[in-house]
Engineer: 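First, the structure itself, so that you have it in front of you.
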Number of protein chains: 4
Amino acid sequence: MVIRIDLSSDTPIYVQLRNEIVKGIGKGELLPGENLPTVRQLSAELGVNAMTVSKAYQILKTEGYIETDRRRGAAVRAAGPKGAAAENGREKMESTLELLSAEAKLQGMDREEFLRLCGDAFAQMEV
Amino acid sequence: MVIRIDLSSDTPIYVQLRNEIVKGIGKGELLPGENLPTVRQLSAELGVNAMTVSKAYQILKTEGYIETDRRRGAAVRAAGPKGAAAENGREKMESTLELLSAEAKLQGMDREEFLRLCGDAFAQMEV
Amino acid sequence: MVIRIDLSSDTPIYVQLRNEIVKGIGKGELLPGENLPTVRQLSAELGVNAMTVSKAYQILKTEGYIETDRRRGAAVRAAGPKGAAAENGREKMESTLELLSAEAKLQGMDREEFLRLCGDAFAQMEV
Amino acid sequence: MVIRIDLSSDTPIYVQLRNEIVKGIGKGELLPGENLPTVRQLSAELGVNAMTVSKAYQILKTEGYIETDRRRGAAVRAAGPKGAAAENGREKMESTLELLSAEAKLQGMDREEFLRLCGDAFAQMEV
DNA sequence: GTGGTCTAGACCACC
DNA sequence: GTGGTCTAGACCACG
């Protein structure tokens with residue numbers, strides 16, 4: 001799986017990392033039960049601080065996307081995200097979609113075009 | 001129009017403000033040409049510093065959502081956002097939707113449900 | 001002569017006014033000795049405060065572009081701008097051109113293209 | 001690189017700073033990838049507030065002249081200014097040149113002299 | 001140590 | 001009265 005980080009972005013690196021991994025799981029590039037690279041591997045590969053990778057993993061763990069086994073390292077959780085995180089996610093998702101809708105409409109997009117964009121995004125998760 | 005700010009959020013106040021106002025314009029709660037509250041009014045109402053509000057207005061101005069007439073204060077721009085901001089917005093929007101899709105799918109949502117959510121969000125802009 | 005003012009611009013209206021009139025004189029749309037509209041006429045025509053127009057005229061007068069006769073109002077000065085203003089203008093002009101050159105180059109323009117742009121601008125003054 | 005600020009000028013300090021840095025990049029005094037002084041350094045050196053410097057940097061960032069890496073501070077962007085800023089710049093540049101031409105002509109400059117001035121300015125960017 | 005955010009309060013230009 | 005600018009000083013997130 002390819003992880004792309006933009007060091008000059010304003011979103012923190014550990015958040016970018018978290019997002020990229022969530023996308024990777026969603027797309028099936030990382031399968032349930034599959035191991036993630038170790039913190040050291042990934043930090044070396046991306047040229048970022050190990051603490052940054054560690055922080056991303058920790059968030060993914062609290063959100064229930066991954067679980068860590070002392071012996072095997074981090075692996076994608078089979079059961080999917082925990083209930084609590086999911087509920088929070090729902091509200092946040094609606095709020096984000098509301099903002100996105102507003103921006104889309106004000107750029108002249110109509111309902112059909114916006115939904116096509118949404119559908120295209122979701123389609124990437126179904127391959 | 002009601003603006004709700006979460007002082008304990010990790011997203012900066014001026015970004016929250018910017019987002020709320022974009023939503024307000026999108027929903028038609030703020031009509032083209034309509035005046036926004038003055039910087040001082042809004043800052044007093046929200047209990048934040050005037051510079052914070054000013055910063056939000058300046059961003060909205062460079063994005064082309066509003067314009068400021070030295071005589072009347074800030075008002076919603078009739079022409080809509082500038083081309084430049086719109087182009088950047090497209091890529092960002094696709095990236096956000098990709099992440100949202102991944103999160104949605106991993107919470108067990110199927111395509112239909114996700115698109116319904118998207119449609120509901122956009123519907124708020126069409127009232 | 002047509003004067004176009006952008007009320008939502010960040011450059012003060014009286015400066016825009018001053019600039020437009022200088023351009024007008026340069027282009028020959030306002031001939032030496034020709035009368036300018038009265039402050040009241042112009043302020044009414046543009047829908048701006050009379051004091052704003054007055055301020056622009058005052059600047060043009062100190063710069064030596066126009067002169068005011070109590071009986072005839074303001075008129076384009078035959079002799080052109082005064083020496084002092086001209087000297088100041090020279091330095092300022094060089095500084096502005098330096099900035100413009102930098103911006104041009106960084107946008108990928110080459111010398112030839114930049115000079116063509118400069119030549120085109122000057123050509124408007126020679127019709 | 002030497003940065004000179006005129007505290008008594010009517011153009012805001014952060015704009016002067018932005019302009020000086022753009023000139024510096026154009027002249028090659030600041031090379032692509034090279035680091036700019038930190039906000040605190042520069043603010044101390046110039047005797048202005050850190051926020052003022054920060055504001056200048058933020059503008060240069062949105063214009064695409066520099067980028068900030070959370071680890072190393074601000075650095076000159078290799079790719080040059082973003083397309084969006086470049087487009088706006090073109091119109092503004094033509095308008096400025098038009099005004100400059102008028103002023104030049106009214107000071108008695110002829111086409112040849114004006115173009116020499118323009119050429120001299122651009123030459124500084126080609127050393 | 002870096003930039004980013006926010007505050008409280010002051011002053012100014014513009015209209 | 002409006003937004004814009006600047007200050008001095010504090011705190012925080014990030015890495």
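FYI, side chains are in, hydrogens and waters are out, and symmetry mates aren't considered; it's all heavy atoms of this structure. Below, chain A is the first sequence line, B the second, and so on; all start at residue 1.
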Engineer: Using a heavy-atom cut-off of 4.0 Å across all strands, would you classify B:M51 as base, sugar-phosphate, or nothing?
Structural biologist: base

Engineer: If you assign each of B:A50 and D:P37 to its closest nucleotide in DNA chain E, which residue comes earlier from the 5' end?
Structural biologist: D:P37

Engineer: For a 4.0 angstrom threshold against heavy atoms of chain B, report the outermost contacting nucleotides of DNA chain E in 5' to 3' order.
Structural biologist: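 So the outermost contacting nucleotides come out as E:dT5 to E:dC15.
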
Engineer: Could you tell me whether D:V48 contacts a base, only the sugar-phosphate backbone, or nothing, with contacts defined as non-hydrogen atoms closer than 4.0 Å?
Structural biologist: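 Result for D:V48 = sugar-phosphate.
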
Engineer: Run through C:I21, C:L30, C:L60 and flag the one making a side chain to side chain contact (heavy atoms under 4.5 Å, CB included) with C:V76.
Structural biologist: C:L30

Engineer: Is the backbone N or O of D:A50 less than 3.5 Å from a side-chain atom of D:S54, with the two atoms forming a donor-acceptor pair by type?
Structural biologist: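 Not confirmed, D:S54 side chain does not pair with D:A50 backbone.
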
Engineer: Does atom CE of A:M1 have more than 12 heavy-atom neighbours from other groups under 6.0 Å away?
Structural biologist: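 Atom CE in A:M1 is packed in, count exceeds 12.
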
Engineer: Indicate yes or no: at least one non-hydrogen side-chain atom of D:L97 is less than 4.5 angstrom from one of C:L97.
Structural biologist: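 A side-chain contact under 4.5 Å exists here.
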
Engineer: Restricting to non-hydrogen atoms, name the atom on B:I66 and the atom on B:A74 that form the minimum distance, rounded to 0.1 Å.
Structural biologist: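 Smallest heavy-atom distance, with atoms named: CD1-CB, 4.2 Å.
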
Engineer: Using a cut-off of 6.0 Å, state whether more than 12 heavy atoms not belonging to A:Q58 lie near its atom CD.
Structural biologist: no

Engineer: Do B:N19 side-chain atoms and A:L99 backbone N/O form a donor-acceptor pair below 3.5 Å?
Structural biologist: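 Between the backbone of A:L99 and the side chain of B:N19 there is no qualifying donor-acceptor contact (under 3.5 Å).
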
Engineer: Apply salt bridge (charged side-chain N to carboxylate O under 4.0 Å, His left out) to the pair A:K92 and B:E103, showing each step before the final yes or no.
Structural biologist: CA-CA 11 Å; A:K92 201 177 156 192; B:E103 290 176 339; 5.8 Å; no

Engineer: Just name whichever nucleotide pairs with E:dG9, Watson-Crick or G-U, keeping both distances under 3.5 Å, else none.
Structural biologist: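 Across any shown strand, E:dG9 pairs with F:dC6.
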
Engineer: If you assign each of D:P12 and A:K55 to its closest nucleotide in DNA chain F, which residue comes earlier from the 5' end?
Structural biologist: D:P12

Engineer: So does D:D6 get a backbone contact from the side chain of D:Q16, meaning a donor-acceptor N/O pair under 3.5 Å?
Structural biologist: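 The answer is yes, because a donor-acceptor pair under 3.5 Å joins these two groups.
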
Engineer: Between A:L7 (CG) and F:dC14 (P), how many Å, whole number?
Structural biologist: 15 Å

Engineer: To check you understand the geometry: which heavy-atom pair defines the closest contact between D:V22 and C:A102, and what is its length?
Structural biologist: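 Shortest heavy-atom separation between D:V22 and C:A102 comes out as O-CB, 3.7 Å.
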
Engineer: Which ones in residues 13-22 of chain D lie close to DNA chain F, meaning a heavy atom under 4.0 Å from one of its atoms?
Structural biologist: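 Within residues 13-22 of chain D, the residues near DNA chain F are D:I13, D:Y14.
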
Engineer: When the nearest nucleotide of DNA chain E is assigned to D:T38 and to C:N49 on a heavy-atom basis, which residue is associated with the more 5' position?
Structural biologist: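 The answer here is D:T38.
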
Engineer: Do any of residues 69-77 of chain B sit with a heavy atom less than 4.0 Å from DNA chain E, and if so which?
Structural biologist: B:R70, B:R71

Engineer: Between C:S95 and D:K23, does any side-chain donor sit less than 3.5 Å from a side-chain acceptor?
Structural biologist: yes

